[in-house]
Amino acid sequence: MDLGYGGRDGGDGPCGACKFLRRKCVKGCCIFAPYFESSGQGSAHFAAVHKVFGASNAAKLLMRIPIHKRLDAVVTLCYEALARATDPVYGCVAHIFALQRQWAKLSW
């Protein structure tokens with residue numbers, strides 16, 4: 001599953017997060033720029049993260065994680081946020097339950 005991470009795609013425009021928040025994206029200072037591209041689904045993924053977690057909380061979370069693990073954290077945040085959009089009660093736990101049921105059926 002390609003989530004479209006990889007930064008600003010070489011342009012001078014704002015990243016997807018700054019585009020969604022309608023703020024200036026300063027190269028090198030924006031915590032979201034490497035992970036939410038300006039074209040494609042970067043803004044849509046950030047919108048889901050912003051709706052569930054909030055931009056400030058997501059930024060604080062990313063600041064506390066080592067740089068080499070941030071991409072995994074962003075992928076996880078996006079997955080959970082998009083799962084919450086489709087299932088507001090269970091979120092990604094619904095996927096886990098479905099996989100557990102499939103595994104139980106296969107193991108019998």
Side-chain angles (χ1 to χ4, degrees):
M1 173 167 74
D2 181 24
L3 293 176
Y5 304 111
R8 295 195 215 173
D9 58 355
D12 289 332
C15 67
C18 292
K19 187 181 287 188
F20 178 79
L21 296 172
R22 297 176 190 227
R23 67 179 187 190
K24 185 177 179 182
C25 187
V26 180
K27 187 175 182 178
C29 292
C30 180
I31 187 81
F32 300 118
Y35 312 107
F36 296 100
E37 64 183 11
S38 61
S39 63
Q41 296 184 347
S43 293
H45 286 162
F46 182 78
V49 169
H50 177 63
K51 184 175 182 179
V52 174
F53 300 104
S56 178
N57 289 333
K60 288 176 191 175
L61 179 88
L62 290 176
M63 292 297 283
R64 296 181 75 190
I65 296 175
I67 293 172
H68 66 280
K69 294 184 179 181
R70 286 184 186 169
L71 180 60
D72 292 333
V74 169
V75 170
T76 304
L77 283 172
C78 287
Y79 185 79
E80 174 66 26
L82 293 172
R84 287 274 170 196
T86 58
D87 188 352
V89 176
Y90 290 106
C92 69
V93 176
H95 297 279
I96 294 169
F97 287 156
L99 291 172
Q100 285 177 340
R101 283 192 302 269
Q102 289 177 3
W103 181 77
K105 286 180 183 179
L106 291 174
S107 64
W108 284 100

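Any value given below was found using the heavy atoms of this structure, including those in side chains, with hydrogens, waters and symmetry copies removed. Numbers here simply count residues along the sequence, with the first being 1. Quick caveat: nothing in here was measured; it's all calculated off a predicted structure.
Counting heavy atoms from C-beta on, the side chains of His50 and Leu21 come closer than 4.5 Å.
The shortest heavy-atom contact between Ala58 and Phe32 is CB-CE2, 4.1 Å. Of all heavy-atom pairs spanning Cys92 and Tyr79, the tightest one is CB-CE2, 3.7 Å.
Atom CD1 of Ile65 sits about 11.0 Å away from atom CG of Leu71, to the nearest 0.5 Å. How far CZ of Arg70 is from OH of Tyr35: 5.5 Å, rounded to the nearest 0.5 Å. Atom CG of Leu62 sits about 11.0 Å away from atom CD1 of Ile67, to the nearest 0.5 Å. To the nearest 0.5 Å, the span separating OG1 on Thr76 from CG on Asp72 amounts to 6.5 Å. Note: Phe46 CZ to Cys18 SG = 8.0 Å, rounded to the nearest 0.5 Å. Here the straight-line distance linking atom SG of Cys25 with atom NZ of Lys19 works out to 10.5 Å at 0.5 Å rounding.
For Arg84, the side chain to side chain donor-acceptor pair (under 3.5 Å) criterion is met by Glu80, not counting sequence neighbours.
Residue Val93 shares its hydrophobic cluster (ILVMFWY side chains chained together at separations under 4.5 Å) with Val89, Tyr90, Phe97.
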